[in-house]
Engineer: 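Just dropping this structure here.
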Amino acid sequence: MSKETTIVSQQLSTKEGAFTAEFEWPVTLAIDKGLDGAVTNKSKVGYVDGDKGRLIYQGYPVETLAENANYEEVAYLLIFGKLPNEAEYAEFDSKLKAQRKMPIEVVKIMDIIYDHKHSHPMSLLRTAVSVLGVLQKNVMDTSRENELRMGMHLIASMPTVIAALHRLRLGLKPVEPDITLSHVENFLYMLHGKKPAALDVKLLEISMILHADHGMNASTLTAMATSASLSDLYSSIVGAIGSLKGPLHGGANEVVLQEFLKIKSIAHVTEYVAGKVAKKEKIMGFGHRIYKTYDPRAAVMKKYASKLKEEVEMFKIAEVLDKEVVAKYGSKGIYPNVDFYSGIIYKHLGFETNFFTTIFAAARISGWLARILEYRAENRIFRPRDVYIGEFNKEFVERKKRV
Ligand code: ACO
């Protein structure tokens with residue numbers, strides 16, 4: 001890191017570590033691979049405090065929201081900057097409910113292209129969102145009103161798409177949404193075709209709240225970079241889903257569960273960790289660019305996963321693995337991240353492993369939308385630079401004379 005960078009980050013850290021201090025543009029920053037150190041914009045949507053292990057949405061600690069709010073309230077908070085009162089909630093909720101249905105064209109296309117052996121649900125979700133964008137009117141109108149309308153359409157309809165994909169995979173007919181149910185209740189109802197148990201609703205509610213926003217992560221950056229060229233919201237979300245799918249990002253939750261299954265029992269954890277260390281392989285569900293301590297979302301997920309009697313064996317493996325990896329790598333700032341315990345909860349809720357990241361996407365859509373809307377007000381196209389390390393003035397040789 002350059003001297004200038006250190007000074008800038010000290011200025012930015014003055015208020016409780018928050019990025020709130022004013023600073024002059026352009027600033028000199030040392031930006032490392034993976035845009036490490038780069039700053040894209042100012043935001044009020046959320047704050048990730050990597051040193052203290054805190055996550056804030058619009059001023060509220062995420063743990064408080066997970067325990068007390070529902071997903072609709074949190075989506076409203078992220079987008080509008082305040083928790084809704086009764087009237088605001090009723091209006092927002094009824095607009096979401098009215099848009100839950102998925103157009104029949106999307107179901108038909110999904111049914112035709114779904115290769116049950118090879119299609120990954122995240123690829124299908126990405127395609128379904130793209131089709132929803134094709135069917136939508138006025139997509140290129142980037143006014144706040146229109147982008148909010150389309151964004152709420154996506155918040156409302158992504159669970160419908162995911163539940164339909166889940167049922168098509170099992171050879172079952174998709175279940176129509178039920179507008180008497182809350183967002184999360186309806187998601188589980190469309191998945192299993194019956195009203196969900198209160199505990200299951202709470203588990204998915206908490207999980208979706210914890211995943212709703214997380215600073216300038218890879219998928220949010222993808223969404224914003226697409227949107228900043230004044231492209232349409234559906235294109236931005238298609239890109240974000242593609243980014244989230246990767247195992248270094250949201251896709252880690254799937255690999256984590258597969259690894260638990262391979263480990264089989266707590267007796268094999270030490271050997272598993274030793275094997276990974278010897279081969280210098282990363283252990284999925286651990287590490288984070290920003291958190292250098294325990295991810296607060298992982299702590300909440302752990303608490304709820306520990307209560308699931310049916311998943312006790314898997315939880316024990318996770319807990320021992322957590323301890324052993326932290327003992328080995330904690331001094332390097334490597335701790336469990338949000339993807340480490342979430343799979344145990346999703347498994348309990350009846351999702352197949354390759355559907356886990358789709359739940360993440362259905363939750364993160366509110367954060368993607370909130371940040372796109374916020375940035376629109378000061379929109380400027382994203383255009384970083386690379387460092388050219390190639391040659392100059394090479395001589396052109398005709399094809400037939402080339403070696
Ligand atoms: N297991 C073991 N070592 C790790 C791990 C891990 N999971 N993660 C990072 N490290 C080590 C690296 O080997 C590297 O060590 P070195 O400096 O001795 O070479 C150091 O920590 C820094 O790692 P980077 O990969 O450079 O860190 P980066 O900030 O680029 O990556 C990431 C962050 C992608 C999350 C990384 O920690 C990782 O690959 N974790 C596993 C995948 C995962 O769980 N992803 C989900 C993240 S949460 C989310 O996106 C929702």
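Given the structure is predicted, the values throughout are model-derived calculations rather than measurements. As the structure lists them, so they are numbered: ligands from 1, and atoms in each ligand from 1. We count residues from 1, following the sequence as given. Below, each value reflects all heavy atoms present in this structure, side chains not excepted, and no hydrogens, waters or symmetry copies.
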Engineer: When the ring planes of Phe315 and Tyr341 are compared, do they come out parallel, tilted or perpendicular, using 30° and 60° as the limits?
Structural biologist: tilted
Engineer: Within 4.0 Å of atom 49 (C) of ligand 1 (strictly less), any protein heavy atom?
Structural biologist: yes
Engineer: So, are Arg100 and Asp178 salt-bridged, with charged N and O less than 4.0 Å apart?
Structural biologist: no
Engineer: Report yes or no: does Pro247 have a heavy atom closer than 4.0 Å to ligand 1?
Structural biologist: yes
Engineer: Hey, is CD on Glu378 packed in by over 12 heavy atoms from elsewhere, all under 6.0 Å?
Structural biologist: yes
Engineer: With rounding to the nearest 0.5 angstrom, report the CZ to CD distance, Arg144 to Glu374.
Structural biologist: 9.5 Å
Engineer: Atoms of ligand 1 less than 4.0 Å from Gly287 heavy atoms?
Structural biologist: 35 (C), 37 (O)
Engineer: Does an N or O from Asn337, backbone or side chain, lie closer than 3.5 Å to an N or O of ligand 1?
Structural biologist: yes
Engineer: Taking atom NZ of Lys101 as the centre, report whether more than 12 heavy atoms of other residues, nucleotides or ligands fall under 6.0 Å from it.
Structural biologist: no
Engineer: Around atom CD of Glu281, are there more than 12 heavy atoms of other residues, nucleotides or ligands at under 6.0 Å?
Structural biologist: yes
Engineer: Any atoms of ligand 1 less than 4.0 Å from a non-hydrogen atom of Ala252? List them with their elements.
Structural biologist: 43 (C), 44 (O), 45 (N), 46 (C)
Engineer: Got an N/O contact under 3.5 Å between Arg289 and ligand 1?
Structural biologist: yes
Engineer: Any N or O on Arg297 sitting closer than 3.5 Å to an N or O of ligand 1?
Structural biologist: no
Engineer: Take atom 19 (O) of ligand 1 and look for protein heavy atoms under 4.0 Å from it; say yes if you find one, no if not.
Structural biologist: no
Engineer: Considering both backbone and side-chain atoms of Gly285, is one of its nitrogen or oxygen atoms within less than 3.5 Å of a nitrogen or oxygen in ligand 1?
Structural biologist: yes
Engineer: So for atom NZ, which belongs to Lys276, do other residues, nucleotides or ligands contribute more than 12 heavy atoms lying within a distance under 6.0 Å?
Structural biologist: yes
Engineer: Can you confirm, on distance only, whether ligand 1 has an N/O atom lying under 3.5 Å from any N/O atom belonging to Phe286?
Structural biologist: yes
Engineer: Strictly under 4.0 Å, does any heavy atom of Asn217 approach an atom of ligand 1?
Structural biologist: no
Engineer: So is Lys307 actually on top of Tyr304's ring, under 6.0 Å and inside 45° of the axis?
Structural biologist: yes
Engineer: Is it true that Asp295 and Arg297 have a side-chain N and a carboxylate O under 4.0 angstrom from each other?
Structural biologist: yes
Engineer: Using heavy atoms and a threshold below 4.0 Å, how should the contact between Ile334 and ligand 1 be classified: side chain, backbone, both, or neither?
Structural biologist: side chain
Engineer: Lys332 to ligand 1: N or O pair under 3.5 Å?
Structural biologist: yes
Engineer: My question is simple, although I want it checked carefully: is atom 26 (O) of ligand 1 less than 4.0 angstrom from any protein heavy atom?
Structural biologist: no
Engineer: Do any nitrogen or oxygen atoms of Lys282 lie less than 3.5 angstrom from nitrogen or oxygen atoms of ligand 1?
Structural biologist: yes
Engineer: Would you mind checking which non-hydrogen protein atom is closest to atom 42 (C) of ligand 1, with the distance to 0.1 Å?
Structural biologist: Met284 SD, 3.5 Å
Engineer: Are there more than 12 heavy atoms of other residues, nucleotides or ligands under 6.0 Å from atom CZ of Arg402?
Structural biologist: yes
Engineer: Quick one: are the ring centres of Tyr335 and Tyr291 less than 6.0 Å apart?
Structural biologist: no
Engineer: By number and element, which atoms of ligand 1 are closer than 4.0 Å to a non-hydrogen atom of Tyr329?
Structural biologist: 2 (C)
Engineer: Please report whether atom 33 (C) of ligand 1 has a protein non-hydrogen atom at a separation of less than 4.0 Å.
Structural biologist: yes
Engineer: Would a search of protein heavy atoms around atom 37 (O) of ligand 1 find one under 4.0 Å away?
Structural biologist: yes
Engineer: If we set the cut-off at 4.0 Å for heavy atoms, which region of Leu248 has an atom near ligand 1: side chain, backbone, both, or neither?
Structural biologist: both
Engineer: Testing the basics here: between Lys137 and Arg149, what is the closest heavy-atom pair and its distance to 0.1 Å?
Structural biologist: O-NH2, 3.2 Å
Engineer: Looking only at the side chains, is there a donor atom on one of Gln136 and Tyr234 sitting less than 3.5 Å from an acceptor on the other?
Structural biologist: yes
Engineer: Judging by distance only, is a nitrogen or oxygen of Ile283 under 3.5 angstrom from one on ligand 1?
Structural biologist: yes
Engineer: Taking the non-hydrogen atoms of Phe360, is any one of them nearer than 4.0 angstrom to ligand 1?
Structural biologist: yes
Engineer: Just which atoms of ligand 1 are under 4.0 Å from any heavy atom in Asp339?
Structural biologist: 46 (C), 48 (S), 49 (C), 51 (C)
Engineer: Is it true that the side chains of His348 and Asp200 contain a donor and an acceptor less than 3.5 Å apart?
Structural biologist: yes
